[in-house]
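Note on naming: letters A, B, ... go to the chains in the order of the sequence lines (proteins, then strands), and numbering restarts at 1 for each one.
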Number of protein chains: 2
Amino acid sequence: MKPIIQNISKIISLTPEEETLFLSKIETKYFKAKTILLSSGEICKEGYFVNSGLLRSFNINDNIVEHVLSFACEGWWIGDMYSLLSQKRGNLFIEVLEDSEVEVLSKENQEQLYLEIPKLERFFRILIENSLIANQERLMDNLSLTAEERFEKFCKKHPTLVQKVPQKQIASFIGVTPEFFSKMKSKMLRK
Amino acid sequence: MKPIIQNISKIISLTPEEETLFLSKIETKYFKAKTILLSSGEICKEGYFVNSGLLRSFNINDNIVEHVLSFACEGWWIGDMYSLLSQKRGNLFIEVLEDSEVEVLSKENQEQLYLEIPKLERFFRILIENSLIANQERLMDNLSLTAEERFEKFCKKHPTLVQKVPQKQIASFIGVTPEFFSKMKSKMLRK
DNA sequence: AAAGTCACTTAATGTAGGTTAAGAAATTAT
DNA sequence: ATAATTTCTTAACCTACATTAAGTGACTTT
């Protein structure tokens with residue numbers, strides 16, 4: 001069974017016909033590392049489900065500083081929610097960090113699927129609820145924890161990512177500069 | 001027409017029967033300022049839609065420092081998403097800041113409504129999508145803007161709230177101490 | 001109206017994390 | 001393999017914001 005179907009089946013159950021219909025609306029694509037799937041200023045027309053590999057979304061501040069909004073590895077969805085929904089120009093980049101196999105679901109097909117398989121409203125509602133919860137927690141963590149504590153939490157929560165992701169991007173995700181992150185890390189090791 | 005029905009009608013259309021059914025599942029309540037609707041450590045059993053007045057959700061760090069997650073005034077929904085969804089103990093408080101009139105939707109009734117009016121899946125999906133987008137933006141702002149810039153953005157986005165909410169809670173929302181906020185504000189006025 | 005609490009201000013001092021810069025190590029490209 | 005680019009480290013110095021503390025005014029409570 002395709003990972004994306006497994007992913008959906010964890011939350012709602014699809015009939016074989018619905019599965020087929022769903023699969024007809026997505027497209028499997030392969031991307032090389034460093035491919036930019038979406039740039040700031042563009043309108044996001046599709047969402048991505050990662051079969052294998054690793055993507056990230058980030059923005060760039062004052063044309064200099066990158067801030068990572070999210071990573072997505074196997075079994076995760078990624079997109080620019082703001083732009084995808086509003087169909088206005090967003091300010092996120094979506095980049096492939098490792099050679100990846102990805103299911104592409106266009107905005108258009110997603111809307112059609114909502115009509116053809118109303119159950120999918122439920123699936124995506126729950127998917128987004130979970131995303132919101134994670135985001136709220138991250139927000140509160142940024143307000144109340146030190147960089148060290150945030151890093152520890154990140155390690156516990158995403159042990160695989162810590163191995164795969166370049167260190168400067170973990171720094172960006174938890175909200176510190178690469179220089180400070182490096183200093184902090186070596187300080188933590190010394191304990 | 002009840003504000004909560006207006007709120008829903010902006011996104012989906014309900015038949016008169018569906019409206020009646022929906023209304024039968026919510027309860028209008030009146031709360032005095034300072035009422036605590038939910039405490040940290042409790043399981044959140046209901047969501048709130050504000051007809052009038054003002055609520056907030058926040059957590060408390062190390063039994064000392066409060067961090068405001070969100071405000072909700074007229075026309076806004078509020079709840080502890082994490083606890084509401086997982087039915088586990090959350091760490092948020094929900095407090096009434098001004099005497100308020102509120103529509104209460106229990107978790108139980110909400111689940112029933114999803115079955116009886118599947119369109120509501122769509123409504124809440126979109127509601128939560130918007131909430132996620134706002135959260136993501138706030139997260140990125142916290143990573144990339146100064147306190148001053150965050151405050152300016154807050155003022156533009158929520159001009160009514162700036163008038164109503166105690167200053168120390170705006171400070172908490174944008175992520176600084178009340179002391180620093182006070183200093184910052186007087187510095188901004190001097191310009 | 002007095003007393004107490006709470007919200008806000010101001011100021012001195014402290015610190016987590018930023019900036020700049022330069023070199024070392026690791027990847028990538030030729 | 002070598003050069004080129006990128007990532008990581010270290011260190012000196014800097015700043016946005018936190019902490020502590022003390023004082024003022026406003027709102028509650030009795």
Side-chain angles (χ1 to χ4, degrees), chain A residues 32-36 54 56 58 60-68 71 93 95-99 140-154 161-191, chain B residues 32-36 54 56 58 60-68 71 93 95-99 140-154 161-191:
Chain A
K32 289 242 153 228
K34 299 193 178 173
T35 309
I36 300 287
L54 180 59
R56 68 162 176 151
F58 63 100
I60 296 186
N61 215 241
D62 302 324
N63 292 313
I64 302 178
V65 190
E66 291 181 8
H67 291 280
V68 174
F71 297 107
F93 293 79
E95 181 194 21
V96 180
L97 291 180
E98 287 179 1
D99 295 358
M140 295 309 257
D141 286 350
N142 280 338
L143 295 180
S144 57
L145 304 182
T146 64
E148 216 163 303
E149 290 167 327
R150 276 176 269 146
F151 177 47
E152 275 163 0
K153 216 166 165 180
F154 181 84
L161 278 182
V162 183
Q163 314 301 324
K164 293 170 94 173
V165 177
Q167 179 173 307
K168 58 181 277 197
Q169 286 176 27
I170 296 177
S172 165
F173 183 89
I174 69 169
V176 293
T177 58
E179 294 85 355
F180 180 77
F181 186 83
S182 175
K183 186 164 69 173
M184 183 183 90
K185 211 187 63 174
S186 73
K187 185 183 142 206
M188 288 169 83
L189 281 174
R190 260 180 274 125
K191 286 179 193 165
Chain B
K32 289 242 154 229
K34 299 193 180 174
T35 310
I36 300 288
L54 179 59
R56 68 162 175 150
F58 64 99
I60 296 185
N61 214 241
D62 302 323
N63 292 314
I64 303 177
V65 190
E66 291 182 9
H67 290 281
V68 174
F71 298 106
F93 294 78
E95 181 194 20
V96 180
L97 291 181
E98 289 178 359
D99 295 358
M140 296 309 257
D141 286 350
N142 279 338
L143 295 180
S144 57
L145 304 182
T146 64
E148 215 163 303
E149 291 168 326
R150 275 176 270 145
F151 177 48
E152 274 164 0
K153 217 167 164 181
F154 181 85
L161 278 182
V162 183
Q163 314 301 324
K164 292 171 97 175
V165 176
Q167 179 174 308
K168 59 182 277 197
Q169 286 177 27
I170 296 177
S172 166
F173 183 89
I174 70 169
V176 294
T177 58
E179 294 86 355
F180 181 77
F181 186 84
S182 173
K183 188 164 70 175
M184 184 183 90
K185 211 187 63 174
S186 73
K187 186 183 142 208
M188 287 168 84
L189 280 173
R190 259 181 275 124
K191 285 178 192 166

Undergrad: Let me know which of Arg56(B), Gln169(B), Lys34(B) forms a side chain to side chain donor-acceptor pair (under 3.5 Å) with Glu95(B).
TA: Arg56(B)
Undergrad: Take the protein atom CE of Met184(B) and the nucleotide atom C1' of dT15(D), then report the distance between them rounded to whole Å.
TA: 16 Å
Undergrad: Hey, is the main chain of Arg150(A) close enough, under 3.5 Å, to the side chain of Asp141(A) for a donor-acceptor pair?
TA: no
Undergrad: Do any side-chain nitrogens or oxygens of Ser186(A) fall under 4.0 Å of OP1 or OP2 in dT10(D)?
TA: yes
Undergrad: Which nucleotide wins on minimum distance to the side chain of Gln167(A), given the candidates dT10(C), dT9(D), dG18(C)?
TA: dT9(D)
Undergrad: Are Arg150(B) and dA16(D) close enough that a side-chain N or O sits under 4.0 Å from OP1 or OP2?
TA: no
Undergrad: Can you tell me how far P of dA16(C) sits from CG of Leu143(A), to the nearest Å?
TA: 18 Å
Undergrad: What residues form a side chain to side chain contact (heavy atoms under 4.5 Å, CB included) with Glu152(B), not counting sequence neighbours?
TA: Met188(B)
Undergrad: Measure the distance from CG on Leu97(A) to C1' on dT27(C) and round it to the nearest whole Å.
TA: 15 Å
Undergrad: Send over the distance from Glu179(A) CD to dT15(D) C1', rounded to a whole Å.
TA: 16 Å
Undergrad: Quick check for you: to the nearest 0.5 Å, what is the distance between Leu97(A) atom CG and Phe71(A) atom CZ?
TA: 7.0 Å
Undergrad: What would the secondary structure line of DNA chain D be in dot-bracket form, counting Watson-Crick and G-U wobble pairs under 3.5 Å, with [ ] for pairs that cross earlier ones and | for pairs with another strand?
TA: ||||||||||||||||||||||||||||||
Undergrad: From the list dT10(D), dC8(C), dG17(C), which nucleotide is the closest neighbour of the side chain of Ser182(A)?
TA: dT10(D)
Undergrad: List the atom pairs, with distances to 0.1 Å, where a side-chain N or O of residues 170-182 of chain B and a protein N or O form a donor-acceptor pair under 3.5 Å, not counting sequence neighbours.
TA:
{"residue": "Ser172(B)", "atom": "OG", "partner": "Glu66(B)", "partner atom": "O", "Å": "3.2"}
{"residue": "Ser172(B)", "atom": "OG", "partner": "Val68(B)", "partner atom": "N", "Å": "2.8"}
{"residue": "Thr177(B)", "atom": "OG1", "partner": "Phe180(B)", "partner atom": "N", "Å": "3.2"}

Undergrad: Round to the nearest Å and state the distance from Lys164(A) atom NZ to dT27(C) atom C1'.
TA: 18 Å
Undergrad: Answer with base, sugar-phosphate or nothing: what part of the nucleic acid does Lys34(B) contact at a heavy-atom distance below 4.0 Å?
TA: nothing
Undergrad: Rounded to whole angstrom units, what separation is found between the NZ atom of Lys185(A) and the C1' atom of dT10(D)?
TA: 13 Å
Undergrad: Taking NZ from Lys183(B) and P from dT13(C), how many angstroms apart are they, rounded to a whole number?
TA: 13 Å
Undergrad: When the distance from CE of Met188(A) to C1' of dT9(D) is rounded to whole Å, what number comes out?
TA: 17 Å
Undergrad: Can you identify which nucleotide, out of dT19(C), dA7(C), dA18(D), has its nearest atom closest to the Thr177(A) side chain?
TA: dT19(C)
Undergrad: Just do the side-chain contact (heavy atoms from CB on, under 4.5 Å) check on Val96(B) and Lys32(B) with the steps written out, would you?
TA: CA-CA 7 Å; Val96(B) 180; Lys32(B) 289 242 154 229; over 6 Å; no
Undergrad: Can you check whether Val165(A) reaches Leu54(A) side chain to side chain, under 4.5 Å on heavy atoms?
TA: yes
Undergrad: Which residue, Ala147(B) or Pro166(A), contacts DNA chain D at a nucleotide closer to its 5' end, judged by nearest heavy atom?
TA: Pro166(A)
